[in-house]
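Notes for the one structure printed next.
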Protein chains: 2
Amino acid sequence: MARQGSLSANPAPSLRIGEVARRTGLPVKTIRYYCDEGLLQSKDRSAGGYRLFDEENLAELAIIRALRAMDVSIPELARILEVRRAGVCNCAVLKDSIAAKMESINLRIGELAAMKDELARLLSSWQDCGGSKLQR
Amino acid sequence: MARQGSLSANPAPSLRIGEVARRTGLPVKTIRYYCDEGLLQSKDRSAGGYRLFDEENLAELAIIRALRAMDVSIPELARILEVRRAGVCNCAVLKDSIAAKMESINLRIGELAAMKDELARLLSSWQDCGGSKLQR
DNA sequence: GTGAAGCTTCTACCCAGTGGAGGGTTCTTG
DNA sequence: CAAGAACCCTCCACTGGGTAGAAGCTTCAC
């Protein structure tokens with residue numbers, strides 16, 4: 001698939017994992033883990049077996065990072081990236097999973113708010129408790 | 001196991017794990033796990049090696065359940081229950097950990113709200129994307 | 001005494017990584 | 001060309017809070 005586009009198209013993969021880590025801010029181990037999980041596909045290996053990445057991989061890692069920060073799971077990310085890799089617009093897939101994510105965030109916020117209220121109630125109901133023994 | 005005690009003082013431990021599970025709504029495995037982790041101390045064992053619990057254990061499980069629902073960690077719970085078991089008022093300990101918990105809940109709510117905003121922004125910025133191929 | 005339900009311990013699995021061991025590769029310097 | 005530093009590889013074990021299953025023992029009602 002020699003794509004000889006002029007700009008940042010697809011030069012020979014040349015970035016080693018440490019450089020990718022430096023550029024993305026992700027730990028080397030995490031990048032390797034993403035490779036193992038199939039999220040990231042290093043284009044090639046060096047003669048000595050080193051993973052070699054390209055700019056496209058950096059773009060994928062940017063997506064992974066952003067969506068992971070929003071708690072999109074690894075399997076879901078794998079699905080999204082697979083569709084993306086197929087070259088098809090995956091707006092629908094993304095929109096679905098983002099909408100679902102927003103829904104679950106709303107739920108979670110509601111739960112946390114309820115917890116907070118409960119904790120506040122708990123705290124205020126203890127104002128009278130000194131430091132002495134309790135009969136529990 | 002004649003239980004002739006009238007109320008919930010401290011009768012001989014007589015509840016087996018299944019009964020405790022039924023009463024608390026927790027899975028048997030979870031209760032066993034709490035025992036293993038030192039949260040819960042079954043008072044005795046039957047001749048055949050079965051864990052035997054009492055009313056006090058039920059009270060502890062109620063505390064565990066309530067605080068776990070608020071994401072208090074197992075080690076922290078162990079600490080709290082240990083103090084409680086020592087018979088000392090642990091209002092200070094509880095208050096500290098609850099205050100810390102409220103703080104972290106606030107942080108988390110802020111994070112989630114920010115995520116939600118970001119997702120909403122993302123979604124609205126994609127309204128123009130059809131179903132066709134993308135050059136990604 | 002027999003069958004079912006309940007219990008025991010043990011091992012392994014989930015997620016999303018992280019840490020370390022032990023060993024190979026690449027690059028720079030002399 | 002050799003040494004050494006920096007880098008990378010795979011493999012295994014661990015995290016937290018449980019959950020699932022296997023193999024075998026106990027309890028209880030009939």
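Just so it is clear: chains get the letters A, B, ... in the order the sequence lines come, proteins before strands, and each one is counted from 1.
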Electrostatic pair [X]-[Y], nearest N-O below 4.0 angstrom:
{"X": "Glu56(A)", "Y": "Arg84(A)", "answer": "yes"}
{"X": "Glu76(B)", "Y": "Arg79(B)", "answer": "yes"}
{"X": "Glu19(B)", "Y": "Arg16(B)", "answer": "no"}

Rounding to a whole Å, what distance do you find between [X]:[atom1] and [N]:[atom2]?
{"X": "Glu19(B)", "N": "dT26(D)", "atom1": "CD", "atom2": "P", "answer": "22 Å"}
{"X": "Leu15(A)", "N": "dT26(C)", "atom1": "CG", "atom2": "C1'", "answer": "16 Å"}
{"X": "Arg16(B)", "N": "dT8(C)", "atom1": "CZ", "atom2": "P", "answer": "9 Å"}
{"X": "Arg45(B)", "N": "dT26(D)", "atom1": "CZ", "atom2": "C1'", "answer": "13 Å"}
{"X": "Ile64(B)", "N": "dG18(D)", "atom1": "CD1", "atom2": "C1'", "answer": "14 Å"}
{"X": "Arg51(A)", "N": "dT26(C)", "atom1": "CZ", "atom2": "C1'", "answer": "16 Å"}
{"X": "Leu52(A)", "N": "dC7(D)", "atom1": "CG", "atom2": "C1'", "answer": "13 Å"}
{"X": "Glu37(A)", "N": "dG17(C)", "atom1": "CD", "atom2": "C1'", "answer": "9 Å"}

When clusters are formed by joining ILVMFWY residues with side-chain heavy atoms under 4.5 Å apart, either directly or through shared neighbours, do Leu52(A) and Leu58(A) land in the same one? no
Would you mind telling me which residue lines up with the more 5' stretch of DNA chain D, Ala47(B) or Val72(B), judged by nearest nucleotide? Val72(B)
Residue closer to the 5' end of DNA chain D, Arg68(B) versus Gly48(B) (nearest nucleotide): Arg68(B)
Measure the CG-CD1 distance between Asp36(A) and Ile31(A) for me, rounded to the nearest 0.5 Å. 12.0 Å
Do the side chain of Asn57(A) and the main chain of Asp54(A) share a donor and acceptor less than 3.5 angstrom apart? yes
Please check: side-chain N/O of Arg68(B) versus main-chain N/O of Val72(B), any donor-acceptor pairing under 3.5 Å? yes
If the cut-off is 4.0 Å, is Ser46(B) near the phosphate of dT27(D), judged by side-chain N/O to OP1 or OP2? yes
Please determine, for the side chain of Ile17(B), which listed nucleotide (dG17(D), dC7(C), dC9(D)) has the closest atom? dC7(C)
Based on the rotation axes of five pairs at each end, what angle does the helix from dG1(C)-dC30(D) to dG30(C)-dC1(D) bend through, to 10°? 20°
When only distance counts, do a donor and an acceptor, one from the side chain of Tyr50(B) and one from the base of dT8(C), lie under 3.5 Å apart? no
Quick check: do Arg108(A) and Ile109(B) have side-chain heavy atoms less than 4.5 Å from each other? no
Which residues, if any, of residues 27-34 of chain A bring a heavy atom under 4.0 Å of DNA chain D? Arg32(A)
Can you tell me which residue among Leu61(A), Ile63(A), Ile64(A), Ile80(A) is in a side chain to side chain contact (heavy atoms under 4.5 Å, CB included) with Leu39(A)? Ile64(A)
